[in-house]
Amino acid sequence: MNTQGASSSSSPPSSLIPRWKYDVFLSFRGMDTRYSFADHLYAALIRKGIFTFRDDEKLERGKSISPELLKAIEESRFAVVILSRNYASSTWCLDELARIVKCREDMGLIVLPVFYFVSPPDVRNQRGTFEQAFAKHKADNIQEVESWKNALREVANLSGWHLQERKYESEAIRYIVDNILQRSMSKFSIITKDLVGIDSPMEELITPYLGLGNSVCMIGICGMGGLGKTTLARVIYETKCNHFEGSSFIANIREVSEKHGLARLQKQLLAQILEESNIDVWDVYDGANMIKNRLRHKKVLLVLDNVNQLDQLELLAGDHCWFGLGSWIIITTRDEHLLVQHGVHNIYKPNTLNDDDALKLFCLKAFKNGKPEGDQMQLSQDVVYYAYGLPLALVTLGSFMVERTMDEWQSAVKNLKKNPERKIFDTLKVSYDGLKEMWKAIFLDVACFFRGKMKDRVIEILENCGFDATIGIRVLTDKSLITIENNKLWMHDLLQEMGWEIVRQESIEEPGRRSRLWLREDLLHVLMNNTATKAIQAIVLDSFEGDEACRKLEACPEAFSKMCNLRLLIIDNVHIPNGLNHLSNNLRFLEWHGYSSKCLPSSFQSEELVELKMWFSKIEYLWKGVKYLNNLKLIDLELSKNLIRTPDFTGVPRLERLCLRGCINLVEIDPSIGQLSRLTVLNLEFCRSLTNLPSNMDSLRSLEILILLGCSKLAYLPENLGKTEHLRELDLTGTAIREVPSSISFLICRGCEKQFFKSRLDSVFCARSLKYLSLSTNKLVFALPASISQLQKLEVLNLSNCIQLHSLPKFPSNVRHINAEGCSSLEPSPALLSTSNLLQPFISFFNCFKLVEYNEDIDGLAFAILKHYLKGLMYPKIGYRTSDKRKDRSGDAFNIIIPGFEVPPWLTHQRFGYSISIELPPNWCNSRWMGFALCAFFRINRSCYSSERYSLKGHVIALGDTPHGPHRTFEVVIGETSFKYSVGHLWLLYLSRDDWPATGWNYQCSRIKVVFDTNSPRVEVIKCAVRLIYEQDVEEFNLTIAQCSSSCINTSDGWDYVHHEFENSAVVKAAKFKATYDDNREAEPSASWSFPEETEGAIGKTKDEEESISEQFRWSKQMQCLIIEILANEATKGNKPSNTFMPGSFALAGQAISDKFGVECQPEHVENCLQTIKGIWRSITQLCNRKNCFRWDDNLKMITCEKKVFDEEVMAHPDHDQYLNKKIEMYDEMALLFGKDTTRWSSAKSFSDVDSEKRIVDLESNCKDIIDFEKASKGKQVSSSNIAFSQARSHRKRSRANVNQDASNDKFSKQLGKIELAIKKLKKDQLDVNELYEEVMKIKRFDKVMLESALDYLREKCSTGSSSYSKKIPVGHSCCKLTSEHDFEGPLFPSSFHGDTI
């Protein structure tokens, strides 16, 4: 945010100097209103600060108006004309009025008439007393009579106020004053003329609260000093105060209360709001009571500026009930915690200015609206960069630079960092001065050492130094001195400079006398010149800030001996040639990378030391004998390659972490390690010379993590290690160890030598306490044993990059996360559906390309798992889990990522891009709503191995009347792996209603927005989708699953197109179809080729298969039509007394289905099927009722519409394609079943291509069962091309009946090969029928029947595949053209249908 000035002062923002001397000119008849209405109005205007001109009663009056009054009229912005009974009798008043009207025309004077006990028509037409007055004027031969009459008429036609009897004058006066106040307020753009960047924060702050008219709103504006909080509050006050009954701006409360006390401020508040000057406040408690009692019914605007103590708020605005409804209380402060303590929940935090606004503000002050030229522009940008968007700094520095020479500019800019501008420094230091001593020390440490560091690590270091850092960091955050972003500590550049300056002022000349050293040159000076003193408390020199000179420095060893109060030392590669002989025994934290001595100084005996870190050191041993460091918690000697043995640990009983990673020459661990009862982490990674571990490690009763990665010579674990009760993580990767302890809960075993693998893996699956198991990057894992299902505590299984893994077993139910990224050999299997058994499955099949071959569900494996998961929720007795175990869930309920090429149409709302917003239907959150299903189709645009971690986040945002709706976020992270460019993946999520915020809010939600964002531009979200899941959807899933056999997995080896780019997939489809055809032909050379038909019964099944089908049979259209026919007949017999049938009707239909189709159909199956058909009928009737869009042709039983309407409707609702412009078979029977609730419209064949009865008759004769009940019940998009191709295929089948099949097989195979070559010529994978036919027609001697059959098959395959390979085309037109050119006997596609999908 930004503003013109940004200090805590109360100076108002500058505005344009007005051209008016007076705000209001009062014109009135003295004898009528001088001592009544006019006087009261004048007093009210003055109280509101409206400068008003009123003629003096003693002013000597002549026959004409005085020049003084004429000038006053011209210098006024408003003229209030009080038209009373005797107004026209005064020529003086009439002259005033005439001049007022002239100024209105010439100068824009605003005229506001008040009709004081006179009617506007009488004034306009000069009736009554006005008529009498003008008769007298006319008798006196006054020439101005006509101009006066015109002036009266013009004023009487203006909007004003009409005072009549029984009207309160005070109420009218209040309306007049408010109107003038509102009009007199300068427009916002004028008030903020010199304020830069004010529009955005004004909108952000005010907009959410403008609608809170019947509540008291306390708003906090919080931020660091100089940010413009006061200016923002002042602008709001000046633009909005006229909307309130009273207002007060109490400026700079911190300073005023310290000097004069709060009673004075209470008196000011009451005087400004009540407009009384003689208010006495005896003490602060009396003042608080007066504010509460006198303002509780008054709508007020109150600004409390620069508050720094809680009692200031408690005594000036103690509670919401102190003020009337609609009041605004705005509080500016640097301390957010004050607002929280006082119950202020609406807190606005302004931002600093962006670069453009910052430069604009600086130039506005430095060049007085001019623009910098030449070198001044670069210097201006340097100043703006230094100020880092802080308005106070920009205004102060800009004002300082006015009229400076170029040399002075350069000198000033160069001096900024060395000597900060005092005004800026003093303003910022106010917040620091108000801190306790410990908070000051923490602030200086953060400013000097830890800006940009991880918060948790900084807190750990500071607490090791004896500070209460957790609460200290929170206090500094509340005081707006630091901020936390991404869990890192940050502060404004000028606040950091303030901290540096505070430390520098401890000793301007000598760094050795300062408390903190952080600059390379200062540390070099102290060490080289031996100027260290006991004042030094901390030294931190980051390695990246050092240079080669510092690393080769031969420091004076005595320098450290003088730093007796040193508590913190973080240093890198400072070389002590003769060894270090002393370190402060007050050291609490020692981190010295590249320490060059063989051991620590023998005199070093710090009882306070908590952490000792010496990476890349030359240490051979830490100390000899026993050294008592009672508070030491961490020893980290990582990559100290000279270390041979560990020290005696007897004197460090509180040691919690020991890291010896990369100590490649370590051969011995001192047995005293067994005494470390508090040790939780032991890291021996790549200690490749280590051959054994101490036998007494069972005494490490707190040990949780043991890392033995890369200890290649380590073959055995101590026999009693299994007795370590808390051991939860054990990494045996790269060791020769064969067995693991059975009590382990966290095991990492990445990669393994072949000779150790089997025995180790067997022992792993006997560890029944395992919660986390990682077998990643293990080339020896081909399949997991079934015994993994016995690991009932297992929650996380990491199998990433196990490239030989072919299958997965059934998992224990507690598993939450399965990471199978990069398992490129993993194949689809029935066991994969068992993952739906998991309570909260989070499964990653990233780069598991073979899983695309899963064929049980047309929507793919991920959706099959989700459907089974939802089925388990709905039907716990027959699902995989019980409902009790799934009721108590938190977080996202279902996550899966898997290779894929398109979002299935099952997700009804889809959109290209990274976001989608959908309107929610009325009553969407009813009792049957289960949750949301979300999907993102994405790819990672790179074709190589990468160690980068990519992440994809999904956000579900609820939108409605409430400004801040619920917002849920999900995230999936893809670790280091190989990538194949343009191979897409699907990320499918399910958000349960149990995880959605309180249902009470849902009724206010009318839309949801789903957004997917990424951490890298390489991650591209191509398409996203969302669907609301209801219980009836799951019922349909259950019906669909019942129709399918146990499993249908395609294991052909031809599925290699995942390695190709999307542009090649159409070619591969044709090639795969040809290969499949050739394979079938070779297997059965005498069999005739036929396209897939629906199975009408269980034929040729084994006994076991027949038993399975008796429970799970496939619903066909014939079955559904038979049910409709039987039940319609039952309805005519009176067996449907109400909305349902008699039980015997369902039994009759079930028996008929069983007898005819050879399946076992129970009455409940019939009832469920009837519900599905009822859903179809409901869709039909809803469309019929939309008479403004569609027409009903009762003769044809068809819902018709224009092509444009058809295209728009299908685009918005793909599933409606199956009902529009198509004959609805068995319409009358369904009407008997469900009741005719559609209106019988007159025949209106409005669809352009339904042009003749003959075409319709042909259509009816060639196409039976136009509506595919099965597809309709699934909610699957069925394009109109299904109908067209169905008719064409029926015609061609009759033609093919006489074709010699044996002779045509070879020809068909060759024809497919030619089609494949034709498709290869297409540049894009969007099969345009025109281009395809043009290419195909170039093939010589093609067989028409076989070619048409091949195209039918390709069309069907494309319709069930990726819709991105499809393209809408005008089939009727193109095919008629092709027919005429190539002498076809008849059109391939009926011309009555448009928009067929290829």
_Assess the residue pair R294 and E276 against the criterion (salt bridge (Lys or Arg N to Asp or Glu O under 4.0 Å)); give the C-alpha distance rounded to whole Å, side-chain angles, the decisive distance to 0.1 Å, and a yes or no._
CA-CA 12 Å; R294 300 196 63 178; E276 298 179 14; 2.9 Å; yes
Closest heavy-atom pair, T427 versus G226, reported as atoms and distance to 0.1 Å, is CG2-N, 4.4 Å
With no hydrogens and no angle check, is any side-chain donor or acceptor of D357 less than 3.5 Å from a backbone partner on L353? no
Heavy-atom closest pair (L394 atom, A387 atom, distance to 0.1 Å) is CD2-CB, 3.6 Å
Can you tell me how the ring of W929 sits relative to the ring of W924, calling it parallel under 30°, perpendicular over 60° and tilted otherwise? perpendicular
**Item:** R234 to F249 six-membered ring, cation-pi geometry met (6.0 Å, 45°)
**Value:** yes
So CE of M218 and CG of L302: to nearest 0.5 Å the spacing works out to 8.5 Å
### Task
Taking N179 for its side chain and I176 for its backbone only, find out whether a donor-acceptor pair lies under 3.5 Å.
no
Min side-chain heavy-atom separation V340-V344 under 4.5 Å:
no
K298 side chain reached by L295 side chain, heavy atoms, under 4.5 Å: yes
Minimal heavy-atom distance between T33 and S84, with the atoms involved, is CG2-CB, 4.4 Å
Quiz item: Going through the distances and angles, do Y237 and S248 end up as a side-chain hydrogen bond (donor to acceptor under 3.5 Å, both in side chains)?
Solution: CA-CA 8 Å; Y237 179 80; S248 176; 5.7 Å; no
Between S431 and L435 the two heavy atoms that sit nearest each other are O-CG, 3.6 Å
dist H320:NE2 -> I329:CD1 (nearest 0.5 Å) comes out at 8.5 Å
One should read off an interatomic distance between L339 CG and H342 NE2, to the nearest 0.5 angstrom, of 9.0 Å
field: Pair W328 + F244: ring centers closer than 6.0 Å
entry: yes
Can any side-chain N or O of H40 pair as donor or acceptor with the backbone N or O of S36 at less than 3.5 Å?
yes
Does the side chain of K229 reach to within under 4.5 Å of the side chain of T231, using non-hydrogen atoms?
-> no
Tightest non-hydrogen contact, residues L269 and L316, listed as CD1-O, 3.9 Å
Q | Short N-O contact, R174 and E245, less than 4.0 angstrom | A | no
**Asked** Backbone N or O of D286 within a donor-acceptor pair of the D283 side chain at under 3.5 Å?
**Response** yes
CG of L392 to OG1 of T352, rounded to nearest 0.5 Å, is 13.0 Å
Short N-O contact, R34 and D55, less than 4.0 angstrom | yes
- request: Ignoring hydrogens and angles, tell me if any N or O in the side chain of D305 forms a donor-acceptor pair with the backbone of A251 under 3.5 Å.
  value: no
*Is there side-chain contact between L270 and M290, with at least one heavy-atom pair below 4.5 Å?*
yes
Can a donor-acceptor pair be found, under 3.5 Å and without considering hydrogens, that links the side chain of Q312 to the backbone of N308? yes
How are the rings of F37 and Y116 set relative to one another: parallel (under 30°), tilted (30 to 60°) or perpendicular (over 60°)? tilted
task: Measure the shortest side-chain to side-chain distance between I291 and Q266 over non-hydrogen atoms and say whether it is less than 4.5 angstrom.
output: yes
Worksheet item: Between R54 and Y42, is NZ or CZ placed under 6.0 angstrom from the six-membered ring centre and within 45° of the ring axis?
Response: yes
Are V118 and H162 side-chain neighbours, meaning at least one heavy-atom pair lies under 4.5 Å? no
Interatomic distance, CD1@I331 vs CG@N306, rounded to 0.5 Å, equals 12.5 Å
Here the side-chain hydrogen bond (donor to acceptor under 3.5 Å, both in side chains) pairs for residues 476-485, sequence neighbours left out, are D335-K479, R474-D478
Note: W322 and A288 closest approach over all heavy atoms is CH2-CB, 3.8 Å
Would a 4.5 Å heavy-atom cut-off, applied to side chains only, mark M224 and L481 as touching? no
Residues at least two apart in sequence or cross-chain that pass salt bridge (charged side-chain N to carboxylate O under 4.0 Å, His left out) with D433, listed by chain then number, are K429
Would you say that E96 contacts F25 through its side chain, given a criterion of any heavy-atom pair below 4.5 Å between the two side chains? yes
CG (L163) and OH (Y168) are apart, to the nearest 0.5 Å, by 13.5 Å
> Is it true that a side-chain atom of S327 and a backbone atom of G324 form a donor plus acceptor pair closer than 3.5 Å?
Replying inline: yes
